[in-house]
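Sequence lines set the chain letters: A, B, ... in the order given, protein chains first and strands last, and positions in each chain run from 1.
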Amino acid sequence: MTDILIAAIFQENLALAYFLGICTFLAISERVETAFGLGLAIIAVQTITVPVNALVLNGVLVEGAWRWAGLPEVDLGYLRLVAFIGVIAAIVQVLEMTLDRFFPRLYVALGSFLPLITVNCAVLGGSLFMAERQYSVSEAAVYGFGSGLGWALAIVSFAAIRERLRYSDMPAGMRGLASAFLVTGLLSLGFSAFARVPL
Amino acid sequence: MPKGLSRITAPLIGQNPITRQILGVCSALAVTTGLDTALMMSAALTSVLCLSSAIISLLRNHIPHVIRLIVQITIIASLVIVIDELMQAFAFELSRALSVFVGLIVTNCLVLGRAEAFAMRNPVGPSILDALGNGLGYSLILILVGSIRELLGQGSLLGVVVLVPVADGGWFEPLGLMQLAPAAFIIIGLLVWAIRSYWTDQAETTAQATPGEQVAR
């Protein structure tokens with residue numbers, strides 16, 4: 001369990017090792033504050049969606065899941081993309097309504113990011129990796145939390161660097177996107193050093 | 001028809017989805033360790049993009065505005081499933097190498113972005129041309145980055161040895177870093193820098209708003 005958690009945060013960091021959610025990563029990292037909010041939203045969504053998708057996968061989609069209904073040879077595995085996206089969209093919607101009802105301040109802080117998360121590939125990617133590696137439901141919960149935390153860590157540190165970068169004197173063509181890519185590359189190099197750390 | 005032609009040529013460099021609009025960057029970085037995976041991914045994405053734009057454009061007057069995102073995602077997801085199954089049937093090795101990234105075409109912001117920004121508002125013909133142009137612009141960057149990473153990382157292109165490595169008696173020392181994640185970021189960064197230095201109108205004059213933010217809003 002701990003090795004899944006540590007690996008998900010550092011070695012297999014969704015943003016820096018698997019390039020997932022990079023569009024959002026580059027677009028919403030101008031300020032640490034907003035990056036932090038988005039990071040929290042991703043942690044929350046990942047921690048819920050990955051285990052729920054694991055339940056859906058093992059209970060409905062996997063070959064033999066319909067044995068109790070007398071259909072042992074039914075394999076709905078090919079439906080997993082549609083199922084996962086549906087689950088993610090539904091959970092984000094429910095999360096948004098729950099936050100609005102019970103935690104209005106948090107909702108104001110996170111509100112505008114939540115719809116973006118539905119089409120963030122880090123969230124779908126997390127569920128697809130869970131399916132590919134055949135995690136159990138509890139492992140999936142740990143993996144979801146860890147991968148969300150890793151993504152949040154990456155975007156917050158990137159935003160912190162980027163705030164400082166605004167005042168640096170760069171060649172005109174390098175301003176903005178090009179420098180963002182180069183900094184992300186260096187950050188990713190830093191994170192990949194964790195791959196050598198024995199667990 | 002010059003207008004139709006410009007729909008295809010504009011996204012190649014001037015409005016390139018990756019280096020200018022910052023759409024679909026995730027997969028562009030992940031699948032470019034070799035030229036073969038980059039080509040496969042380009043083909044898959046371009047075909048999904050064209051088909052989804054055509055279908056969404058055909059249905060655009062029948063999709064209720066409130067649930068349009070869900071309808072669009074469902075259409076895209078169905079197309080991706082078809083492509084994924086085809087790939088597993090006819091190119092199993094490559095589909096293993098692409099792992100989850102074929103599935104992630106569903107959430108590729110390029111596909112949804114073009115559907116939302118263009119196909120929902122235009123007839124079928126222009127929508128397909130726009131999709132084709134954007135798909136080709138995306139492919140161009142993927143193929144470029146894929147060739148650089150495979151050439152410098154393994155000394156080969158499409159598996160054919162171009163630069164003979166030291167291990168086989170040649171002179172070329174393969175750069176292991178090129179096969180790792182950081183190299184992808186750095187190469188695309190340098191590429192964006194090169195493009196914006198040559199076509200200076202693309203450079204960001206102020207450090208405040210990046211095009212990505214405008215897209216995200």
Which portion of F101(B) sits near chain A, non-hydrogen atoms under 4.5 angstrom: side chain
Residue among V25(B), T74(B), I76(B) with most heavy-atom pairs under 4.5 Å to chain A: V25(B)
Whether F129(A) and Y18(A) hold their rings parallel, tilted or perpendicular, with breakpoints at 30° and 60°: tilted
Option that, when pairs with chain A are counted at under 4.5 Å, heavy atom only, ranks first among A77(B), S78(B), G103(B), A184(B): G103(B)
Under 4.5 Å from any heavy atom of chain B - which part of A131(A): neither
Exam field: side chain N134(B) to backbone D130(B), donor-acceptor pair closer than 3.5 Å: yes
Interface moiety of A183(B) toward chain A, non-hydrogen atoms closer than 4.5 Å: neither
Whether F25(A) and W151(A) hold their rings parallel, tilted or perpendicular, with breakpoints at 30° and 60°: perpendicular
Donor-acceptor pair, side chain of Q179(B) and main chain of T33(B), under 3.5 angstrom: yes
Contacting moiety of A89(A), where chain B heavy atoms sit under 4.5 Å: neither
Region of I85(A) in contact with chain B, defined by heavy-atom distances below 4.5 Å: side chain
Heavy-atom donor-acceptor pair, S57(B) side chain to A54(B) backbone, under 3.5 Å: no
Region of I186(B) in contact with chain A, defined by heavy-atom distances below 4.5 Å: both
Chain A contact via L191(B) - side chain, backbone, both or neither, heavy atoms under 4.5 Å: neither
Side-chain touch I75(B)/L59(B), heavy atoms, less than 4.5 angstrom: yes
Residue pair S95(B) / Q88(B), side-chain donor-acceptor N/O under 3.5 Å: no
Which portion of L112(B) sits near chain A, non-hydrogen atoms under 4.5 angstrom: side chain
